[in-house]
> 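What follows is a structure written as C-alpha cells; I'll ask about it next.
Residues: numbered from 1 along the sequence shown. All ligand and atom numbering here is 1-based and tracks the order in the structure.
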Amino acid sequence: MPGESFLAIGTTRRELLRFLFASPLFPLMAASDADAEGENQELIATASDAINVFDFRPVAEHKLAPAHYTYLSMGVEHEITLNANREAFAKIALRPRRLVDVRHLDTGREILGTKLSSPLVLAPVGSQRMYHPEAELAVARAARRKDHLQILSMGASVPLEDVVEARQGSIWYQLYAQRIWPVTRQVLKRAEAAGCPAIVLTVDIVGLPTNRERIDRFRRAENPECQSCHASAGQWLLQGAERIAGAIGVDARAMIARSMMLDWELVDRIRDATPLKLIIKGILTAEDAHLCVEHGIDGIIVSNHGGRAEDSGLATIEILPEIVGAVSERIPILVDSGFRRGTDVFKALALGASAVCVGRPYLWGLAAFGEVGVEAVLTILRRELETIMRQMGTPTLGAITPAFVQSSAAVEAE
Ligand code: FNR
C-alpha cells in the first residue's frame, strides 16, 4: 500500500503533518472537533510551547501510566455527561458590545471573605502524586505565583498543612463527610487549625462503588493496585475504619461505603460544628439549591464532578441558570465541569456564576511539566479570559451580565 511505504521509509511525524497540510483535504481535517480539542496535535516539548490548554492533554497521556491517565480522563458509563459538559458551550453564543474603554481590565473579586485576583479556581482533585511526584505542592506553588484559589481535596497525597505552607495564602479544604462523626469532626478541626477559611463539602458521590467502567475495564485487564503506590486520606480513612470495623466485626469497606451516604441532618451537624464557611459541591437542581439556602449554607458549586458522578445528565453550564434563579443572589455560586477556554468561563460569569473551577486542565499541566505546567495552564486561561473580556467590552467582572450571551436554542425558536 502507498501509505505503508510512505511510513516505512522512516518519515517523521512532522513530515507527515507537512504532507497532510499540503493536501487539498486539509481544510476539512483542520476543522474537525478533534483538532479543536487537541486530539491530533504534536506533543509540545515545553510548557511555553502551549497555545491553549488542550496542548497539555496529549503530553499528559504520553507521560502517565495508562491506568493513571484513564482514571484522570474517564467519566461514568457511556460518558454522556462528560461529553455534554463540553458540547453545551457551543450552544451558547456571545453578544459583544463595541467601543467600550477596556484599557484597564480588572478580574478581581471577593468570595466569602477570600480575595481572588481572578475568578479561575483550582478544583479539588485527589491523589495528585499519581500525576507528578511534587503533586499538590507543585500546584500550590503555581497557585501562589499566579494568585489563584486552590481547593485541596481530602484525598490529597500531601498533608494539608504542607500544602498551606507551600501556597502561603488561603486554601479551601474539600471534605467527603463521613457518618462516622469523630472522623468528620477531626477533619473539620484539622482544617480550622491549618487556617482554611472554608470547607467544601462534596455531596455527589453517594456510597461506593460508582459506575466508572473505563477504569474497571482496565483493572480487569491489568489489575493495577493503584492505592498501594500513593498514600492518601482514603487509605488513612480505610486504616482507621478497619480498626473500628475489626473491633465490632463488620467489613471496613462496606462500612465506609455506607458511611458516605449523607443527608441534610449530617449537613446541619457539620454546619453547627464549624465556624468556617461551608460550601456544598455537586448541586444540580433548584430544589437542592433552595435547601442549601434554608440550611444556612454559604455557597454552592454547581458540579457533576466532571462527568464522574452519574451519567445522562445535562452540562453544568445548562443547569447554572436554574440554580442562579433559585438562589437569587443570596449566596455565591461557583461552577465546574468541562471548562477549558476563557470563553467558557465568560459564559458562566454571564449566566451568574461568581467563579469557575477547573479540574483536568491543570492536572494535564502538572503531569506534562510539573509546577511550570500548572502555571502555564493558569496563564493561558487567564489570558484567554482577559482577551474575551476586552472583545466583549466588559472591563470588570461586574460588567459581565446575561445580556452578553444568547442560547442558540432560543435563536432557533425565533
Ligand atoms: C475529581 N473531582 C474531585 N472532587 C472532589 O470534590 N474531591 C476529589 O477528591 C475529587 N477528585 C477528582 C479526581 C479526578 C481525577 C477528577 C477528574 C475529578 C472533581 C473535581 O473537583 C471537579 O469537579 C471536576 O474535575 C471538574 O471537571 P473538569 O474541569 O475536570 O472537567
> Compare M154, R308, R360, H68 and give the one whose heavy atom is closest to atom 15 (C) of ligand 1.
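Residue with the shortest heavy-atom distance to the ligand atom: R308.
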> According to the interplanar angle, ranging from 0 to 90°, do the rings of H295 and W264 count as parallel (below 30°), tilted (30 to 60°) or perpendicular (above 60°)?
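H295 and W264: parallel rings.
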> Considering residues, nucleotides and ligands other than E110, do more than 12 of their heavy atoms fall under 6.0 Å from its CD?
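Count over threshold, so yes.
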> Return the closest protein heavy atom for atom 19 (C) of ligand 1 as residue, atom name and distance.
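The closest one turns out to be H305 CD2, 3.4 Å.
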> Is P124 close to ligand 1, meaning an N/O of one under 3.5 Å from an N/O of the other?
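Yes; at least one N/O pair falls below 3.5 Å.
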> Quick one: pull up CG in L43 and NZ in K63 and give me the separation to the nearest 0.5 Å.
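Reported value, rounded in 0.5 Å steps: 9.5 Å.
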> If we set the cut-off at 4.0 Å for heavy atoms, which region of Q128 has an atom near ligand 1: side chain, backbone, both, or neither?
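Under 4.0 Å from ligand 1, Q128 contributes no heavy atoms.
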> Nearest protein heavy-atom contact for atom 25 (O) of ligand 1: which residue, which atom, what distance?
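Protein heavy atom at minimum distance: G359 CA, 3.7 Å.
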> Any side-chain donor-acceptor pair under 3.5 Å between R212 and T210?
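Yes, side-chain donor-acceptor contact under 3.5 Å.
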> G155 near ligand 1, heavy-atom distance under 4.0 Å?
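False for this residue.
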> Test F56 against Y362 for ring-ring contact (aromatic ring centres under 6.0 Å, His included), laying out the working first.
CA-CA 9 Å; F56 294 94; Y362 81 85; over 10 Å; no
> For ligand 1, which atoms have a heavy atom of D336 less than 4.0 angstrom away?
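Here the atoms of ligand 1 in question are 22 (C), 23 (O), 26 (C).
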> Quick check for you: to the nearest 0.5 Å, what is the distance between D336 atom CG and R360 atom CZ?
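Here the rounded value is 9.5 Å.
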> Enumerate the atoms of ligand 1 whose separation from the nearest heavy atom of G338 is less than 4.0 angstrom.
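Result: 27 (O), 28 (P), 29 (O), 31 (O).
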> Starting from atom 11 (N) of ligand 1, what is the nearest protein heavy atom, named by residue and atom, and what distance separates them?
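Result for atom 11 (N) of ligand 1: G126 N, 3.2 Å.
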> What atoms of ligand 1 come closer than 4.0 angstrom to any heavy atom of A123?
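That gives atoms 21 (O), 22 (C) of ligand 1.
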> Find out whether R129 and V158 are in side-chain contact, i.e. whether some heavy atom of one side chain is under 4.5 Å from a heavy atom of the other.
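They are in contact (side-chain heavy atoms under 4.5 Å apart), so the answer is yes.
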> Considering heavy atoms of the protein only, find what lies nearest to atom 24 (C) of ligand 1 and give residue, atom and distance to 0.1 Å.
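Minimum-distance protein heavy atom for atom 24 (C) of ligand 1 reads G306 N, 3.7 Å.
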> May I ask you to check if ligand 1 and F339 share an N or O to N or O distance below 3.5 Å?
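Between F339 and ligand 1, no N or O pair is found under 3.5 Å apart.
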> For K115, is the NZ atom crowded, meaning more than 12 foreign heavy atoms sit under 6.0 Å from it?
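Counting other residues, nucleotides and ligands, NZ of K115 stays at 12 neighbours or fewer.
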> When you check the gap from the basic side-chain N to the acidic O, do R86 and D344 get nearer than 4.0 Å?
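Yes.
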> Please list the nearest protein heavy atom to atom 12 (C) of ligand 1 with its residue and the distance rounded to 0.1 Å.
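Minimum-distance protein heavy atom for atom 12 (C) of ligand 1 reads V125 CA, 3.8 Å.
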> Which word best sums up how the rings of F54 and W364 line up, parallel for under 30°, tilted for 30 to 60°, or perpendicular for over 60°?
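Aromatic pair F54/W364 classed tilted.
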> Give a yes or no on whether E165 atom CD has more than 12 heavy-atom contacts from other residues, nucleotides or ligands under 6.0 Å away.
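No.
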> Numbering the atoms of ligand 1 from 1, which are under 4.0 Å from a heavy atom of Y131?
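So the answer, numbered in order with elements, is 15 (C).
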> Please say which of N304, T81, T316 ends up in a side chain to side chain donor-acceptor pair (under 3.5 Å) with S337.
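Only match with S337 under side chain to side chain donor-acceptor pair (under 3.5 Å): N304.
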> In ligand 1, which numbered atoms sit nearer than 4.0 Å to a non-hydrogen atom of S303?
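Here the atoms of ligand 1 in question are 23 (O).
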> Among Y362, Y71, Y176, which one puts a heavy atom closest to atom 5 (C) of ligand 1?
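Result: the heavy atom closest to atom 5 (C) of ligand 1 is in Y176.
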> Enumerate the atoms of ligand 1 whose separation from the nearest heavy atom of T202 is less than 4.0 angstrom.
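Near T202, meaning under 4.0 Å from one of its heavy atoms, ligand 1 has 5 (C), 6 (O).
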> Tell me, which protein residue and heavy-atom name are nearest atom 9 (O) of ligand 1, and how many Å apart are they?
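Going atom by atom, the protein heavy atom closest to atom 9 (O) of ligand 1 ends up being S153 OG, 2.7 Å.
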> Check each atom of ligand 1 against the heavy atoms of K281 and keep those under 4.0 Å away; list them by number with element.
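Close to K281: 4 (N), 5 (C), 6 (O), 19 (C), 20 (C), 21 (O), 22 (C), 23 (O).
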